[in-house]
**Student:** 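The structure's right below; bear with me while I get my questions together.
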Amino acid sequence: MIRIKKITSLLIILCVGLFVACSSNDEDKVEDRLVGTWEIQSLLTNEENSPISSVDDLIQFQAIKIYQSYKTAETKKQRGGWSYTGNMLNISLDLPAAYYLLKVDANELTLKRLDFKADGSLQSQIRQYKRVEDSRIK
């Protein structure tokens, strides 16, 4: 009986360890795909098209967890930090807004941003980006 409990405990520990290890590797792969410079392609606010001029047109995620955004029309650059945990992307410049990663691959990035407006209602934005050369952020 004691031997069965030890084997069961060992199997549970092994399964939890494998789950945590796989989860961490998946997040590392997502972070690797995020690193780079992205240009805004479209913006939906509460499921309606919005002018992309209302947001920064270039964003950059660096491997050392630095985030930069650039608004070309105003030649305005901002820097902050970023982190990714469990499908949620946190960008220090935009807190307390929450970003959810909907898609990231070699050339496309889609983020969903949720914000509370001044009247207390929830605003949802879907931002679609394409990957561009890092040199685009000056």
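Computed from heavy atoms alone, side chains included, the values below leave out hydrogens, waters and symmetry copies. Keep in mind it's a predicted model, so treat the numbers as computed, not measured.
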**Student:** What's the spacing between W82 CH2 and I64 CD1 if we round to 0.5 Å?
**Tutor:**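 So the CH2 of W82 and the CD1 of I64 are separated by 11.0 Å.
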**Student:** Which distance, rounded to the nearest 0.5 Å, do you find between the OH of Y70 and the CZ of R136?
**Tutor:**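 Answer rounded to 0.5 Å: 10.0 Å.
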**Student:** For side-chain contact (heavy atoms from CB on, under 4.5 Å), just list the numbers for K77 and Q68, CA-CA rounded to whole Å, side-chain angles, deciding distance to a tenth of an Å, and then say yes or no.
**Tutor:** CA-CA 7 Å; K77 181 166 51 170; Q68 294 189 101; 3.3 Å; yes
**Student:** Can you tell me if NZ on K65 sees more than 12 non-hydrogen neighbours from other groups inside 6.0 Å?
**Tutor:**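 Result for NZ/K65: enclosed.
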**Student:** Could you pull out all residues at least two apart from L95 that satisfy side-chain contact (heavy atoms from CB on, under 4.5 Å)?
**Tutor:**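 L95 satisfies side-chain contact (heavy atoms from CB on, under 4.5 Å) with N90 only.
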**Student:** Taking atom types as modelled, find out whether D94 and Y99 have a side-chain donor-acceptor pair closer than 3.5 angstrom.
**Tutor:** yes
**Student:** Residues two or more places apart in sequence or in another chain: which of them pass side-chain contact (heavy atoms from CB on, under 4.5 Å) with T110?
**Tutor:** L102, K103, I126, Q128
**Student:** How long is the gap from NZ on K130 to CD on Q41, to the nearest 0.5 Å?
**Tutor:** 5.0 Å
**Student:** What pair of heavy atoms forms the shortest contact from L109 to L34, and how long is it?
**Tutor:** CD1-CD2, 3.7 Å
**Student:** Applying the 4.5 Å side-chain criterion to the ILVMFWY set and letting contacts propagate, would I137 and Y129 be lumped into a single cluster?
**Tutor:** no
**Student:** Looking only at heavy atoms, what is the nearest atom pair of L43 and S54, with distance?
**Tutor:** CD2-OG, 3.4 Å
**Student:** Return the CD1 to OG1 distance between I59 and T37, rounded to the nearest 0.5 Å.
**Tutor:** 9.0 Å
**Student:** I need the minimum non-hydrogen distance between G81 and S92, along with the two atoms involved.
**Tutor:**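 Nearest pair, atom of G81 first, then S92: N-OG, 2.7 Å.
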**Student:** Taking only residues two or more places apart in sequence, or in another chain, which ones meet S83 in a side chain to side chain donor-acceptor pair (under 3.5 Å)?
**Tutor:** none
**Student:** Does E74 have any side-chain contact (heavy atoms from CB on, under 4.5 Å) partners at least two apart in sequence or in another chain, and if so, which?
**Tutor:**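 Result, side-chain contact (heavy atoms from CB on, under 4.5 Å) vs E74: K71, K76.
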**Student:** Kindly indicate whether the side chain of Q125, heavy atoms from C-beta on, has any atom under 4.5 Å from the side chain of K112.
**Tutor:** no
**Student:** Do I40 and V35 belong to the same hydrophobic cluster, where Ile, Leu, Val, Met, Phe, Trp and Tyr are linked whenever their side-chain heavy atoms lie under 4.5 Å apart, directly or via other members?
**Tutor:** yes
**Student:** Heavy-atom distance under 4.5 Å between the side chains of L58 and W38, does that happen here?
**Tutor:**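 Result no, sub-4.5 Å side-chain heavy-atom pair not found.
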**Student:** Could you tell me if the side chain of Q62 sits less than 4.5 Å from the side chain of R79, heavy atoms only?
**Tutor:**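 SC-SC contact between R79 and Q62 confirmed.
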**Student:** Test of understanding: with side-chain contact (heavy atoms from CB on, under 4.5 Å), list the residues that count as partners of N49, not counting sequence neighbours.
**Tutor:** L44
**Student:** Could you work out, with ring-ring contact (aromatic ring centres under 6.0 Å, His included) as the rule, every residue matching Y67, not counting sequence neighbours?
**Tutor:**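 So Y67 forms a ring-ring contact (aromatic ring centres under 6.0 Å, His included) with F61.
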**Student:** If you look at every heavy atom in N107 and D105, which pair is closest and at what distance?
**Tutor:**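 Minimum heavy-atom separation between N107 and D105: N-OD1, 2.9 Å.
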**Student:** Side chains of D57 and T72: is there a donor and an acceptor less than 3.5 Å apart?
**Tutor:**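 D57 vs T72: donor-acceptor pair found between side chains.
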**Student:** How far apart are the closest heavy atoms of R131 and R33, and which atoms are they?
**Tutor:** NH2-O, 2.7 Å
**Student:** State whether the side chain of N46 and the backbone N or O of S124 hold a donor-acceptor pair below 3.5 Å, judged by distance alone.
**Tutor:** yes
**Student:** Supply the atom-to-atom distance S50 OG to R127 CZ, rounded to the nearest 0.5 angstrom.
**Tutor:**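 Interatomic distance, S50 OG to R127 CZ, rounded to 0.5 Å: 10.0 Å.
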**Student:** Does the distance from a Lys or Arg side-chain N to an Asp or Glu carboxylate O, for D115 and R113, drop under 4.0 Å?
**Tutor:** yes
**Student:** Looking at every heavy atom in both S69 and D56, which two are closest together, and how far apart are they?
**Tutor:**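 Smallest heavy-atom distance, with atoms named: OG-OD2, 2.9 Å.
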**Student:** For L114 and Y100, what are the C-alpha separation, side-chain angles and deciding distance, and is it a side-chain contact (heavy atoms from CB on, under 4.5 Å)?
**Tutor:** CA-CA 8 Å; L114 297 176; Y100 296 92; 3.7 Å; yes
**Student:** What's the separation between atom CG in L89 and atom CD in E31, rounded to the nearest 0.5 Å?
**Tutor:** 9.0 Å
